[in-house]
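Worth saying up front: this structure is predicted, and the values here are computed from it rather than measured.
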Amino acid sequence: MSRMRRAAFLGILFFGVVACGQRASAQVAYTLKPTPKTVAWGYYDAKAAPVLRIKSGDTVETQTLITNSPERLEKAGLAAEQVEQSLRDITDQVKDKGPGGHILTGPICIEEAQPGDVLEVRILAIKLAIPYAYNGFWPGRGYLPDDYPYAKTKIIPLDEKRMVAKFAPGIEIPLHPFFGSMGVAPPESVGRWNSGPPWTMAGNLDNKDLVAGSTLYIPVHASGALFEVGDGHAGQGDGEVDITALETSLIGTFQFIVRKDMHLKWPRAETPTHYITMGLNDDLNACATLAVREMIDFLVAEKHLSRDDAYMLASVAADLHITELVDGNKGVHMMIPKAIFVSGASQ
């Protein structure tokens, strides 16, 4: 397998190898910032007009915005001067909104992508854009709506130097920034897809394991894929039970590779240490069933195990996690460590 050329982007050196053994060097580096003309508010849509066109192998540094309004943030105690001007502009000027609440940067068209392909999204870097996050819940939302029939929002300072969130006196939460929502357009037949429920086009996965250094594989359903990203989180617990995480604005650096050699029905991912399969459904049992079946399929196709051995290995070596419970479709993901596939084993 050939080594990928090292490339410098914004002072970050990175290298990688496409699984099929082909070279995939970054061709062009772009920057995409959120403005009223470069965001999709609350939806993924196969008919959405791209705000940026790139080619497979290109790299994009993308800034995203906190999912809240200036008014609510200030009401929760945030100083007016700490509210990003781009958030004020977008809140004031964007009138064409979808059914969801997320401000998503994009869509980005990857020109070679066609339905049936897979978009490989390499998450090269993630950094904080602002020194605070919020957490909040609202009536009728979250996992315990009957217990909390009122609204509350809490502003939480972030210490980027120490990489902790100062939740309360005596409570500091280690930060692991990730994007709650990374997805492509759904099939055109479904129209505008609410940015809340994750689905076959990924979207609002809320998977805290998809930090910098991870890769997300998404089935492509529309020409150009139409990738969008947002819902920045400085950290989160599995489940996201009150419906929000450490919600914040993030800057991510992504490399996009169109995979003609892969064909998936559901998103998959990998971290430096684990392979991840996912189940997304409004029923938690169905989520778990799908995540396990996807893991078996992965082990058969990629590690060349029999289906019996794959089922056994999933039982003795893989872990199921509740990704999230609160966004319409629930999520379960299954993780198996790469370290168990030792040198000389079937791979």
Is there a donor-acceptor pair closer than 3.5 Å between any side-chain N or O of [X] and the backbone N or O of [Y]?
X      : Y      : result
Lys154 : Tyr134 : no
Thr91  : Arg88  : no
Gln255 : Arg122 : no
Thr64  : Leu250 : yes
Asp58  : Lys55  : yes
Glu247 : Ala245 : yes
Thr200 : Lys265 : yes
Lys260 : Glu112 : yes
Thr248 : Tyr132 : yes
Thr38  : Lys33  : yes

How many angstroms lie between atom [atom1] of [X] and atom [atom2] of [Y], to the nearest 0.5 angstrom?
X      : Y      : atom1 : atom2 : result
Leu158 : Ile130 : CG    : CD1   : 7.5 Å
Glu188 : Lys47  : CD    : NZ    : 5.0 Å
Ser56  : Ile257 : OG    : CD1   : 4.5 Å
Tyr150 : Phe137 : OH    : CZ    : 4.5 Å
Met182 : Ile218 : CE    : CD1   : 7.0 Å
Ile296 : Met312 : CD1   : CE    : 11.0 Å

Is any side-chain heavy atom of [X] closer than 4.5 Å to a side-chain heavy atom of [Y]?
X      : Y      : answer
Met335 : Tyr275 : no
Trp193 : Asp45  : no
Trp266 : Leu280 : yes
Ser195 : Leu104 : yes
Arg268 : Met278 : no
Asp231 : His102 : yes
Asp327 : Ile243 : yes
Ile90  : Trp41  : yes

I need the minimum non-hydrogen distance between [X] and [Y], along with the two atoms involved.
X      : Y      : value
Ser86  : Pro34  : CB-O, 3.7 Å
Glu74  : Val83  : OE2-CG2, 3.9 Å
Asn194 : Gly100 : OD1-CA, 3.2 Å
Gly116 : His263 : O-ND1, 2.9 Å
Tyr217 : Val118 : CB-CG1, 3.9 Å
Thr271 : Asp209 : CG2-O, 3.6 Å

Does a salt bridge link [X] with [Y], judged by any charged N lying under 4.0 Å from a carboxylate O?
X      : Y      : value
Arg307 : Asp297 : yes
Lys338 : Glu270 : yes
Arg192 : Asp96  : yes
Asp261 : Arg259 : yes
Glu172 : Arg162 : yes

Aromatic Phe298 / basic Lys303 pairing, under 6.0 angstrom, 45° off normal: no

His321 and His333 aromatic ring geometry - parallel, tilted or perpendicular at 30°/60° bounds: parallel

Whether Phe178 and His176 hold their rings parallel, tilted or perpendicular, with breakpoints at 30° and 60°: parallel

Same cluster for [X] and [Y] if Ile/Leu/Val/Met/Phe/Trp/Tyr side chains link at under 4.5 Å?
X      : Y      : answer
Val300 : Leu313 : yes
Val121 : Leu226 : no
Val229 : Val258 : yes
Val211 : Leu216 : no
Leu128 : Phe167 : yes

Residues Leu210, Ile123; criterion side chain to side chain contact (heavy atoms under 4.5 Å, CB included); working and verdict: CA-CA 8 Å; Leu210 300 183; Ile123 308 166; 4.3 Å; yes

Could you check whether [Y] and [X], counting side-chain N and O atoms only, form a donor-acceptor pair closer than 3.5 Å?
X      : Y      : value
Asp242 : Thr244 : yes
Glu84  : Ser249 : yes
Asn281 : Asn329 : no

Leu305, Asp309, Thr277 screened by side chain to side chain contact (heavy atoms under 4.5 Å, CB included) with Leu299, the one that passes: Leu305

Side chain to side chain contact (heavy atoms under 4.5 Å, CB included) between Val220 and Val184, worked out: CA-CA 7 Å; Val220 174; Val184 300; 5.5 Å; no

Worked verdict on Leu52 versus Ile54 for side chain to side chain contact (heavy atoms under 4.5 Å, CB included): CA-CA 7 Å; Leu52 177 66; Ile54 67 172; 3.8 Å; yes

Ring centroid separation Tyr44 to Phe227 under 6.0 Å: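 Tyr44 vs Phe227: aromatic centres not under 6.0 Å.
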
Atom CD1 of Ile322 with >12 non-hydrogen neighbours under 6.0 angstrom: no

Evaluation steps, side chain to side chain contact (heavy atoms under 4.5 Å, CB included), between Gln63 and Thr105: CA-CA 7 Å; Gln63 185 169 342; Thr105 306; 5.9 Å; no

